[in-house]
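None of these values were measured; they are calculated from a predicted model.
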Amino acid sequence: MKLDIAYRCQIGGRQENQDRVLILEDAGLAAAALVVADGLGGHQGGALASRLAAEAIAQNFLLNPDLEEEHLRELFCLANDRVLENQQAAPGMRSTAAALFYHQGLLAGGYIGDTRIYRFSQGKLVYQSPDHSVPQMLVYAGEILPRQIRFHPDRNRLLRALGGDSCRPQFLKPLPLSREEDFLLCTDGFWEYVLEEEMEQVLSIPCPAEEGLAELERLLLSRAPEDNDNYSALLLRGRNSL
């Protein structure tokens, strides 16, 4: 098994990095879990929440690399429980999470919050996970356009996250990992400053994942303010993976 993966997990203009990127692979099982999480909850709480969430999802998947939706839902609920169990140390901490699960040539995904999953086929965007946020609800209601989510004043008001009373992730059904497809997981600190059209332009060019992600990061840094949020992204390129 060889997966072409690149990632960033940067502090941005903040004093603490509350994002987490975790990649766990088991060559013997031909399995991998790729997780990007964005913690919420003030000093140290957000960083703890994202770490606990990412570890619970990735580690438990490798214990049983089953791509059935009910099993993947259980992984997110285990992560939810881990965050809840540790809220005494950091009351109110929560975390978003987006994950890709690979097993024997098939790839599935799951997410909760506003950390996004993008899927591209031959460089064209074919799937973008809807946010679990107030602005996304305004899009559904026809009050704002999707592009207005980026800088909406309520963009940080999440309706679902790990560490809440209920665990309601959403999932991408398993599909073969094709050489024509790429997947991008990224937090709001990343997608706020990189437009979907720019993602398509970059990913339409055959290159290793590291080069593609470096170009996307360059676009972000060219326009993000000095006090920009933490930003994280993980790119999986199907064309260079076996």
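Atom CZ of Arg160 sits about 10.5 Å away from atom CD of Gln136, to the nearest 0.5 Å. Interatomic distance, CG of Leu184 versus CG of Leu235, reported as 6.0 Å (0.5 Å rounding). Between atom CG of residue Leu234 and atom CZ of residue Phe190 there is a gap of 10.5 Å, rounded to the nearest 0.5 Å. Note that CD1 of Ile149 is 9.5 Å distant from CG of Asp114, once rounded to the nearest 0.5 Å. Put simply, CG on Asp26 and CZ on Phe61 are 10.0 Å apart, with the number rounded to the nearest 0.5 Å. Atom CD1 of Ile112 sits about 10.5 Å away from atom OG1 of Thr115, to the nearest 0.5 Å.
Between the side chain of Gln59 and the backbone N or O of Ala56 there is no donor-acceptor pair closer than 3.5 Å. In this structure, His103 contributes its side chain and Ala31 its backbone to no donor-acceptor pair below 3.5 Å. Under a 3.5 Å cut-off, the side chain of His152 and the backbone N or O of Leu138 do not form any donor-acceptor pair. Side-chain atoms of Arg150 come within 3.5 Å of backbone N or O of Trp191 as a donor-acceptor pair. In this structure, the side chain of Tyr111 engages the main chain of Pro130 through a donor-acceptor pair within 3.5 Å.
Look at Arg119 and Glu196 and you find no salt bridge, because none of the NZ, NE, NH1 or NH2 atoms lies under 4.0 Å from a carboxylate O. No salt bridge links Arg155 with Asp188; every basic N to acidic carboxylate O contact stays at or beyond 4.0 Å. A salt bridge between Arg116 and Asp131 is present, with a side-chain N of the basic residue lying under 4.0 Å from a carboxylate O of the acidic one. Between Arg237 and Glu181 there is no salt bridge, since no side-chain N of the basic residue sits under 4.0 Å from a carboxylate O of the acidic one.
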Go through the steps to decide whether Glu198 and Arg223 satisfy the test salt bridge (charged side-chain N to carboxylate O under 4.0 Å, His left out), and finish with yes or no.
CA-CA 13 Å; Glu198 294 171 328; Arg223 57 180 63 123; 2.9 Å; yes
As a quick check of understanding, evaluate ring-ring contact (aromatic ring centres under 6.0 Å, His included) for Tyr193 and Phe151, giving each step before the final call.
CA-CA 10 Å; Tyr193 296 101; Phe151 299 107; 5.6 Å; yes
Does the pair Asp229 and Arg14 meet the rule for a salt bridge (charged side-chain N to carboxylate O under 4.0 Å, His left out), with working shown?
CA-CA 6 Å; Asp229 194 5; Arg14 302 298 171 86; 3.6 Å; yes
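Under the 4.5 Å side-chain contact rule for hydrophobic residues, Leu100 and Leu125 do not share a cluster. Residues Phe171 and Leu75 share a hydrophobic cluster, clusters being chains of Ile/Leu/Val/Met/Phe/Trp/Tyr side chains in contact below 4.5 Å.
Tyr231 and Glu192 share no side-chain donor-acceptor pair at under 3.5 Å. Under 3.5 Å, the side chains of Ser232 and Asp19 contain a donor-acceptor pair of N or O atoms.
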Return all side-chain donor-acceptor pairs below 3.5 angstrom for residues 76-85, not counting sequence neighbours, or 'none' if the list is empty.
residue: Asn80; atom: OD1; partner: Gly163; partner atom: N; Å: 2.6
residue: Asn80; atom: OD1; partner: Gly164; partner atom: N; Å: 3.3
residue: Asn80; atom: ND2; partner: Gly164; partner atom: O; Å: 3.3

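Among residues at least two apart or in separate chains, there is no salt bridge (Lys or Arg N to Asp or Glu O under 4.0 Å) pair with a member in residues 92-104.
Looking at every heavy atom in both residues, Ile144 comes nearest to Pro135 through CD1-O, 3.5 Å.
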